[in-house]
Amino acid sequence: MKIATWNVNSIKARLDNALAWLRQANPDIVCLQELKCEGHAFPAQAFEELGYNVLVHGQKTYNGVAILSKFTPEDVTRGLAGEEDDTQARYLEAVFARKSGVVRVASIYLPNGNPLGTEKFDYKLRWMDRLRAHAKALLKLEEPLVLAGDYNVIPTPLDARHPENWVNDALFQPQSRARFRTLLNLGLTDAIRQVHGDTPGLYTFWDYQAGAWQRNNGIRIDHLLLSPQAADLLTSAQIEREVRTQEKPSDHVPVVIELKA
DNA sequence: ATGACATATGAGATATGA
């Protein structure tokens, strides 16, 4: 079973790119982020024609997350607990029943947090605290769990081509990195690092500006974190770099894992 | 220090992204 995450940077602007990649890669479950549209405006039919069930937690202009799946979704949760007046569409979770058992999957668009010293950075840190609390509760279920998405965190210097360029950025702050680390220390596994160890040069985002792609000036900020029960099933994890060579690409590329059965 | 580049909104310029 293939599970993917991809920040598409507007699903309407990326519809052709997304359909082309889905036809080629044929993942079973796909977590999408930065839809930049409301649920009623999501082009669901195009994905349904490829055999996907479509779950959307949308928002006008900003944010928005979705899960496409070849399995029927159950137990759907929109939004992350812990802050009643948070209206930003950044979290969507569902359970999928397969013949070999269930898998719980969340599509996550963690706040960017820039610029530093503003409410935006405080919101990012609070959101990460809420995610940790929710992940801790989910881990008690002791089931295969995949928390997939754009975490907007560069976990270590190994995850940036030029880490020195990010020291004043919310994505690489010690507070952001520490909170990401607390997710791992709950017992979650970073799928790419589990498979590839300390291999350098594994990036999922390249800025549109200043020839970042051509210079391979990238960062790794899109992650799939696995519960122990999911990590036991992990057989591969890949970054789909070639998607960045599409015409009118997203600035992020998909990351795909394969789980046994 | 700023902008580069891309997207949405809405019809020009601004907000957001990372």
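The figures here come from the full heavy-atom set of this structure, side chains too, leaving out hydrogens, waters and symmetry mates. Every value quoted in this text rests on a predicted model; they were computed, and no experiment measured them. Here is how names work: the chains are called A, B, and so on, in the same order as the sequence lines, proteins then strands, and each is numbered from 1.
Between B:dA6 and B:dG10, the two P atoms lie 23 Å apart (nearest whole Å). As rounded to the nearest Å, B:dG12 and B:dG17 have P atoms that lie 26 Å from one another. Rounded to whole Å, the P atom of B:dA11 lies 15 Å from the corresponding atom of B:dA15. Comparing B:dG3 with B:dT9, their P atoms are spaced 24 Å from each other, to the whole Å. Look at the P atom in both B:dA18 and B:dA13: the space between them is 26 Å, to the nearest Å.
You'll find that the side chain of A:Ala13 is closest to B:dT7, out of B:dT9, B:dC5, B:dT7. When distances are taken from the side chain of A:Lys60 to each of B:dA18, B:dT9, B:dT7, the shortest belongs to B:dT9. Side-chain proximity of A:Tyr62 to the nucleotides B:dT7, B:dA18, B:dA15 is greatest for B:dA15. Closest to the side chain of A:Gln209, out of B:dA15, B:dA4, B:dA8, is B:dA4.
Both A:Leu22 and A:Leu32 sit in one connected hydrophobic cluster of ILVMFWY residues. Membership requires side-chain heavy atoms under 4.5 Å apart, directly or through other members.
With sequence neighbours excluded, the residues that form a side-chain hydrogen bond (donor to acceptor under 3.5 Å, both in side chains) with A:Glu38 are A:His40.
Rounded to an integer number of Å, the gap from A:Gln59 CD to B:dT16 P is 12 Å. Regarding A:Asn165, its CG atom lies at a distance of 14 Å from the P atom of B:dA1, rounded to whole Å. With rounding to whole Å, A:Leu116 atom CG is found 12 Å from B:dA18 atom C1'. To the nearest angstrom, C1' of B:dG17 lies 13 Å from CD of A:Gln88. If you measure from atom CZ of A:Phe205 to atom P of B:dT7, you get 13 Å, rounded to the nearest angstrom. Between A:Tyr208 atom OH and B:dA6 atom P the separation is 7 Å, expressed in whole Å. Atom C1' of nucleotide B:dT16 and atom CZ of A:Phe121 are separated by 18 Å, given to the nearest angstrom. Separating the CZ atom of A:Arg244 from the C1' atom of B:dA18 is a distance of 12 Å, rounded to the nearest angstrom.
Side-chain N/O atoms of A:Lys120 include one lying less than 4.0 angstrom from OP1 or OP2 on B:dG17. Between A:Lys36 and B:dT9 there is no side-chain polar atom (N or O) within less than 4.0 angstrom of OP1 or OP2. The phosphate of B:dG17 has neither OP1 nor OP2 within less than 4.0 Å of any side-chain N or O from A:His252. Contact between the side-chain N/O atoms of A:Arg14 and the OP1/OP2 oxygens of B:dA6 is not found at any separation under 4.0 Å. Regarding contacts with the backbone of B:dA18, a side-chain N or O of A:Asn112 is found under 4.0 angstrom from either OP1 or OP2. A:Tyr109 has a side-chain polar atom (N or O) that falls below the 4.0 Å cut-off from OP1 or OP2 of B:dA18.
Salt-bridge formation is detected for the pair A:Glu143/A:Arg104: a Lys NZ or Arg NE/NH1/NH2 atom is positioned less than 4.0 Å from an Asp or Glu carboxylate oxygen. A salt bridge between A:Arg220 and A:Asp190 is present, with a side-chain N of the basic residue lying under 4.0 Å from a carboxylate O of the acidic one. Salt-bridge formation is detected for the pair A:Asp159/A:Arg193: a Lys NZ or Arg NE/NH1/NH2 atom is positioned less than 4.0 Å from an Asp or Glu carboxylate oxygen.
Using a 4.0 Å heavy-atom distance criterion, A:Asn217 is classed as making no nucleic acid contact. Using a 4.0 Å heavy-atom distance criterion, A:Arg90 is classed as a sugar-phosphate-only contact. A:Asn7 comes within 4.0 angstrom of the backbone, heavy atoms only, and of no base.
The ring of A:Tyr109 has its center no closer than 6.0 angstrom to the ring center of A:Tyr91.
Along DNA chain B, the nucleotide nearest to A:Pro111 and the one nearest to A:Ala210 differ in position, and the one closer to the 5' end is contacted by A:Ala210.
Residue A:Asn152 places no side-chain atom within donor-acceptor reach of the base of B:dA18, judged by atom type and a 3.5 Å distance cut-off alone.
Ring pair A:Phe180/A:Tyr151 is perpendicular by interplanar angle, where above 60° counts as perpendicular and below 30° as parallel.
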